[in-house]
Amino acid sequence: PFEGVAWTPRPPQGPPQGCFACIAKPPALRQSSPVLSPSSAVYLMESKSCKGDSLRPAVPCKHSVEKKTMTNPTTVIEIYPDTTEVNDYYLWSIFNFVYLNFCCLGFIALAYSLKVRDKKLLNDLNGAVEDAKTARLFNITSSALATFCIILIFIFLRYPLTDY
């Protein structure tokens, strides 16, 4: 199996020079002139754990310029807020739906509150936040308009229009 194959010994060398990209390349094989017997070829074979390449001419690492100009790589870790922090305004929506349902705004707020809960279960945080804002807006509007109407009713009950 070793016929026509010649192995040349490599001189012992220190730690490999250059960057990992240059060291990890397979060695550039040269044509060897002497033909050795199989027994001497086995003797001259090097171990496969050697990362250096003495057959290749000593060329400075082409990546050394990149090393000098390259900044340290950074790792970006995106931290999303916990979905339990998104308020769904569910109890406020139920209260508005049952007691202060002015022009069905309490019902709409309740529908958006339920959508927030569904999106929290699906881990759609952006959609949950948007629907929570909408539910809060409808709850505020429903509460404010219903409170304003209740105050007007008390004023007109206390001071009927016949006195004017």
Side-chain angles (χ1 to χ4, degrees), residues 10 12-30 45-164:
R10 292 187 180 183
Q13 54 186 134
Q17 299 296 320
C19 68
F20 181 74
C22 294
I23 294 171
K25 290 181 182 176
L29 299 176
R30 288 188 194 166
M45 287 173 56
E46 66 181 12
S47 68
K48 296 203 183 254
S49 64
C50 178
K51 289 185 180 179
D53 185 11
S54 63
L55 295 177
R56 205 176 319 174
V59 176
C61 176
K62 66 180 180 182
H63 300 97
S64 62
V65 176
E66 293 176 11
K67 282 184 182 178
K68 291 177 185 174
T69 60
M70 199 164 72
T71 59
N72 289 337
T74 57
T75 303
V76 177
I77 300 173
E78 296 181 13
I79 300 174
Y80 295 104
D82 192 15
T83 57
T84 57
E85 294 177 7
V86 178
N87 195 354
D88 56 4
Y89 305 106
Y90 186 65
L91 292 178
W92 190 11
S93 298
I94 288 178
F95 179 79
N96 282 339
F97 177 64
V98 173
Y99 295 111
L100 307 174
N101 197 10
F102 182 81
C103 294
C104 294
L105 292 176
F107 175 71
I108 297 171
L110 181 63
Y112 274 102
S113 295
L114 292 174
K115 283 177 67 174
V116 171
R117 287 195 168 193
D118 291 341
K119 288 185 179 182
K120 280 171 47 175
L121 288 175
L122 295 174
N123 288 330
D124 180 14
L125 187 63
N126 293 331
V129 168
E130 292 299 319
D131 287 341
K133 288 179 183 178
T134 308
R136 184 181 67 200
L137 176 72
F138 278 111
N139 278 323
I140 290 171
T141 306
S142 176
S143 297
L145 290 176
T147 305
F148 181 70
C149 287
I150 289 172
I151 290 173
L152 279 179
I153 289 172
F154 280 127
I155 289 175
F156 285 122
L157 286 176
R158 175 75 171 113
Y159 306 105
L161 288 177
T162 57
D163 292 343
Y164 297 110

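In this text the structure is predicted, and so the values were computed from the model without any measurement.
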Within the 4.5 Å heavy-atom criterion, are Tyr90 and Leu110 side-chain neighbours or not? yes

Going from OG1 on Thr141 to CZ on Arg136, what distance comes out if it is rounded to the nearest 0.5 angstrom? 11.0 Å

Report yes if the side chains of Val86 and Leu125 come closer than 4.5 Å at any heavy-atom pair, otherwise no. yes

Measure up the Tyr89 and Trp92 rings against each other and bin them: parallel (under 30°), tilted (30 to 60°), perpendicular (over 60°). perpendicular

Would you call the rings of Phe138 and Tyr112 parallel, tilted or perpendicular if under 30° counts as parallel and over 60° as perpendicular? parallel

Pro160 versus Leu157, closest heavy-atom pair with distance: CD-O, 4.2 Å

State whether the side chain of Ser142 and the backbone N or O of Leu100 hold a donor-acceptor pair below 3.5 Å, judged by distance alone. yes

Check for a donor-acceptor pair, side chain of Asn96 on one end and backbone N or O of Asn139 on the other, with a separation under 3.5 Å. yes

Straight-line distance of Lys120 NZ to Asp131 CG, nearest 0.5 Å: 12.0 Å

Value for OG (Ser93) from CG (Asp88), rounded to nearest 0.5 Å, stands at 7.5 Å

